[in-house]
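Per chain, numbering begins at 1; letters A, B, ... match sequence-line order. Here the structure is a predicted model, which is why all the values come from computation and not from measurement.
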Protein chains: 2
Amino acid sequence: MYKQLLKHLSKDIELTPEEEQEFLSILEHHTFLKKSLLIQPGQKVAKEYYVLKGCLIAYYLDKAGQKHIIQFATEDWWISDFEAFFNAYPAQLYVECIEDSEVLSLDISVLEDLYFRIPKFERFFRLKITKAFVALRNRILSSLQKDSKTRYLEFCEQYPNLQGRVANYHIANYLGITPESLSRLRKGLN
Amino acid sequence: MYKQLLKHLSKDIELTPEEEQEFLSILEHHTFLKKSLLIQPGQKVAKEYYVLKGCLIAYYLDKAGQKHIIQFATEDWWISDFEAFFNAYPAQLYVECIEDSEVLSLDISVLEDLYFRIPKFERFFRLKITKAFVALRNRILSSLQKDSKTRYLEFCEQYPNLQGRVANYHIANYLGITPESLSRLRKGLN
DNA sequence: CTTAAAAATTGATGTAGATCAATTCATAGC
DNA sequence: GCTATGAATTGATCTACATCAATTTTTAAG
């Protein structure tokens, strides 16, 4: 069941079988239906989520109250509300399932405790967020070269397995354009 | 001399005097003149840099060969080429001084070694990059609400100490607009 | 202080993509 | 299968910002 997850961990850190078991033991398994919310503003406990199956969207609200998609997460992705780590809440996060999904969750306080006992996990999550940082920075770069056709093509390349699974208006939101513009843009690609 | 840096570390981790000394001992001190480059493509060794004094710009190149500013770093900021950590180089980074600057550097391989000996440092840099991630994500949010006047005002709020130190064409580049547009936009603010 | 080079401003014009409105297409519930 | 609701497309128009070109202002060097 969790073979994929352990393989995923083993790319960055080497764990003993006991450590693997310890990690698995602090995870909680959930199934969420399409359209349900994993994270929403005002939630008391911060968690890390690991997607086993299905697809999630992370939305952020800006000051104008607009939702913006900042990330799609599918199988084998981690997603979390990093602001919660610092008890700082300028922006507000929603995480919504757009497909029925299976997810593992990990309470931040339990995770912090694990970091102290087994620093290898601190290493794992440091590497993970560093990669996320790089990916996010590349998104800023591509948004600065503000040609939306190129950005759409990059999106398709980057998420080939999302074709047909994610609504076009979600993709448009992610790209920062309107659904109408995306529609015209796609038309122009044939 | 390094009081500020130690204070900075102590916000996130508690170090013994010996650990503090060990950390300071692996740092190298440099002074760079205005317009010199700390990091440029093709550089063999990856480093972390800590700005003691002055101001640095991190530029990235996109596929079209255009430089885009993705970050300004002043006193007490860390800056580094995270892609180098993974030996992956899709994007190319320049870090340039726009003022005469004093900088401490830390070799990545030495740092990795330190992580194993004293995991607290892994913790420190995990927290640091998590904060950087949050800041970057907020930039994406503000770039999605693509009203450049608002974005400029946010920039001014976020970097109040850069007023007059950074050229307007650098700010325009950072915001993803032309210097002409920034000029008109600023005019409209009076 | 003078001069050259770089930065900032201003003006005129063009364009990508927004907005608003209407229509067609797809999906889900009965 | 039919109907209702949400998604996607298409068209017409508008606007923020880009681009190109010229001018003024600032900065740095001799």
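- Checked by distance alone, A:Arg186 brings no side-chain donor or acceptor within 3.5 Å of a matching partner on the base of D:dT10.
- Take A:Glu99 and apply the salt bridge (Lys or Arg N to Asp or Glu O under 4.0 Å) test, not counting sequence neighbours, and it matches A:Arg165.
- With sequence neighbours excluded, the residues that form a salt bridge (Lys or Arg N to Asp or Glu O under 4.0 Å) with A:Arg123 are B:Glu112, B:Glu122.
- Less than 4.0 Å separates DNA chain C from no heavy atom of any residue of residues 153-162 of chain A.
- If you take CD1 of B:Ile177 and C1' of C:dA8, they are 13 Å apart, rounded to a whole angstrom.
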Anything under 3.5 Å between a donor and an acceptor, one on a side chain of residues 34-41 of chain A, the other on a protein residue two or more places apart or in another chain? List them.
unit_1	atom_1	unit_2	atom_2	d
A:Ser36	OG	A:Leu33	N	3.4
A:Ser36	OG	A:Leu33	O	2.5

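- Between the CZ atom of A:Arg184 and the P atom of D:dG11 there is a distance of 9 Å, given to the nearest Å.
- B:Asn168 contributes no side-chain N or O that, together with a main-chain N or O of B:Ser183, makes up a donor-acceptor pair within less than 3.5 Å.
- As a whole-Å value, the separation of A:Leu189 CG from D:dA8 P is 16 Å.
- Listed by first and then second residue, the salt bridge (Lys or Arg N to Asp or Glu O under 4.0 Å) pairs that reach into residues 172-190 of chain B come to none, sequence neighbours excluded.
- Residues that satisfy the salt bridge (Lys or Arg N to Asp or Glu O under 4.0 Å) test with B:Asp113, not counting sequence neighbours, are B:Arg117.
- In terms of modelled atom types and a separation under 3.5 Å, the side chain of B:Thr130 and the main chain of B:Arg126 share a donor-acceptor contact.
- For A:Tyr94, there are no ring pair (Phe, Tyr, Trp, His ring centres under 6.0 Å) partners two or more places apart in sequence or in a different chain.
- No donor-acceptor distance shorter than 3.5 angstrom exists from the side chain of B:Lys149 to the backbone of B:Leu185, with no hydrogens or angles considered.
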At under 4.0 Å between heavy atoms, how does the protein contact nucleotides 23-30 of chain C? Give one character per nucleotide, 5' to 3', with B, S or -. --------

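- In this structure, the helix from C:dC1-D:dG30 to C:dC30-D:dG1 shows an angle of 50° between the axis at its start and the axis at its end, each fitted on 5 base pairs and rounded to 10°.
- Side-chain atoms of A:Ser101 come within 3.5 Å of backbone N or O of A:Cys55 as a donor-acceptor pair.
- We find that OH of A:Tyr152 is positioned 18 Å from C1' of C:dA16, with the value rounded to whole Å.
- Counting to the nearest Å, the C1' atom of C:dA16 and the CG atom of A:Leu182 are 14 Å from each other.
- Comparing atom distances between the A:Thr178 side chain and each of D:dT10, C:dT19, D:dA18 picks out C:dT19 as nearest.
- The salt bridge (Lys or Arg N to Asp or Glu O under 4.0 Å) search around A:Asp76 returns none, not counting sequence neighbours.
- The CG atom of A:Leu144 sits 13.0 Å away from the OH atom of B:Tyr60 when rounded to the nearest 0.5 Å.
- In terms of the ring pair (Phe, Tyr, Trp, His ring centres under 6.0 Å) criterion, A:Tyr59 has no residue partners (sequence neighbours excluded).
- Each of C:dG17, C:dT10, D:dT10 was ranked by its minimum atom distance to the side chain of A:Ser148; first place goes to C:dG17.
- The interatomic distance linking A:Glu180 (CD) with D:dG11 (C1') rounds to 11 Å, in whole Å.
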Under-3.5 Å N/O pairs linking protein and nucleotides 5-7 of chain D:
unit_1	atom_1	unit_2	atom_2	d
D:dA7	OP1	A:Tyr169	OH	2.6

